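Take a look at the structure set out below.
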Amino acid sequence: MNLQAILDDIAAELGPRLGEGKVADYIPELARLDPRRFGMAVTTLAGETFAAGEADAPFSIQSVSKVFTLTLALGRAGDALWRRVGREPSGSPFNSIVQLEAEKGVPRNPLINAGAIVVADLLLAGRAPKTAIGEIVGFLRFLADDDSIVVDETVARSEADTGFRNRALANFMRAFGNLDNPVDLALGVYFHQCAVAMSCRQLARAGLFLADGGRDPLTGRNVVTRERARRINALMLTCGHYDGSGDFAYRVGLPGKSGVGGGILCLAPGHGAIAVWSPALNEKGNSLIGSLALEMLAKRTGWSVF
Ligand code: GLN
């Protein structure tokens, strides 16, 4: 299979459609992005990387970060995490508040905003926010084998200034006793993890361990157990695209996690990790062109898990 040719075809075929969709405009810094940008990278378990478009351009990983903070939180709290957050698809938008009230401050899953704020709160336990943020960035650098990864402070500030809905979610959870730290501190960690800037190449590399049963195939290091990797994959498949998760599973058939920066990390278990970026989003807040690119890739490689 010629992966480079497949990526080149995808980029060429989608070229005329770039710009379809709408960039996230509720975070002013993201609203400035050119909707026609596009990048894609595939890293195989054998360590080969194939790329198309702007695969080395850093972008705001936003909610893709939730996969990595979940991994860290499970490492720290284990199954105790599930007392504070569920494991069911929400069927609701990523920043929905209705469900949270009805379900007494326990978010449906760790990949929607409310769930990720609980995870950030857990990662903050016994630490200063700066330390917790440093640990998250350090984990990403370790996984991507790249010390140049940093938080884009302008994006973090932009979101902190306008994150009214997230503040509402956090306040609700605090009222229900599901947030241990002051709302502003937990949100500080959450906004910074979302504002980490990474390229498709770095993101695919960082996610590779999840495509190989929890073991980084290039270093041989066990990042998580096989069982935990399987579970994180299951959550990505069922919850990684919010109320668009069913459609993504139907069309792509791979575990994935999207972010409103336009990035998607996708795992092809036993084959490799894929990252795609294009900032214009569909109505569910997932990269429109990114989803199409992954659908084409899954079709041509036969990598769907189904
Ligand atoms: N930082 C964004 C927010 O909290 C993340 C949402 C997303 O990527 N879907 O609104």
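For clarity, every value in this text was computed on a predicted model and none was experimentally measured. In each ligand, atom 1 is the first atom listed, and ligand 1 is the first ligand listed. This chain uses plain numbering: 1 for the first residue, then up along the sequence.
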Any nitrogen or oxygen of [X] lying under 3.5 Å from a nitrogen or oxygen in ligand 1? Just yes or no.
X    : answer
K66  : no
Y190 : yes
I27  : no

Task: S92 backbone acceptor or donor facing S96 side chain under 3.5 Å - done: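 Pair absent, no side-chain N/O of S96 close to backbone of S92.
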TODO: Report yes or no: does R127 contribute a side-chain atom to a donor-acceptor pair with the main-chain N or O of A125 at less than 3.5 Å?
DONE: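 Flag set: sc R127 to bb A125 pair under 3.5 Å.
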- [ ] Could you point out which residue of R37, R201, R36 forms a salt bridge (charged side-chain N to carboxylate O under 4.0 Å, His left out) with E54?
- [x] R37
Open item on the list: Less than 4.0 Å is my threshold; does some heavy atom of Y242 fall inside it relative to ligand 1?
Closed with: yes
TODO: Report yes or no: does N95 have a heavy atom closer than 4.0 Å to ligand 1?
DONE: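 So N95 does not count as touching ligand 1.
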Suppose I only count heavy atoms of [X] and a 4.0 Å limit; which atoms of ligand 1 are within that range?
X    : result
G259 : 8 (O)
C194 : 1 (N)
Y26  : 2 (C), 3 (C), 6 (C), 10 (O)
F94  : 6 (C), 9 (N), 10 (O)

TODO: Check whether any side-chain heavy atom of N109 sits under 4.5 Å from a side-chain heavy atom of S90, and report yes or no.
DONE: yes
- [ ] Calculate, to the nearest 0.5 Å, the distance between atoms NZ and CD1 belonging to K299 and I10 respectively.
- [x] 11.5 Å
- [ ] Hey, can you tell me if Y242 and F94 have their rings parallel, tilted or perpendicular (30° and 60° cut-offs)?
- [x]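 Tilted.
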Open item on the list: Students often mix this up, so state it plainly: with edges at 30° and 60°, are the rings of F209 and F139 parallel, tilted or perpendicular?
Closed with: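 Geometry flag for F139 against F209: perpendicular rings.
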Task: Lys/Arg-Asp/Glu bridge criterion (N-O < 4.0 Å) met for E103, R84 - done: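 No.
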TODO: Answer side chain, backbone, both or neither: which part of R165 comes under 4.0 Å from ligand 1, heavy atoms only.
DONE: neither
Open item on the list: Applying a heavy-atom cut-off of 4.0 Å, say which part of N166 lies close to ligand 1: side chain, backbone, both or neither.
Closed with: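 Only the side chain of N166 comes within reach of ligand 1.
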TODO: With atom 5 (C) of ligand 1 as the reference point, say which of S63, A156, S60 has the nearest heavy atom.
DONE: S63
Task: atom 2 (C) of ligand 1: the protein heavy-atom neighbour that sits closest, reported with distance to 0.1 Å - done: Q62 OE1, 3.0 Å
Open item on the list: How far is atom 3 (C) of ligand 1 from the closest protein heavy atom, and which atom is that?
Closed with: E159 OE2, 3.1 Å
- [ ] Would you please say whether a donor-acceptor pair under 3.5 Å links the side chains of S278 and S287?
- [x] no
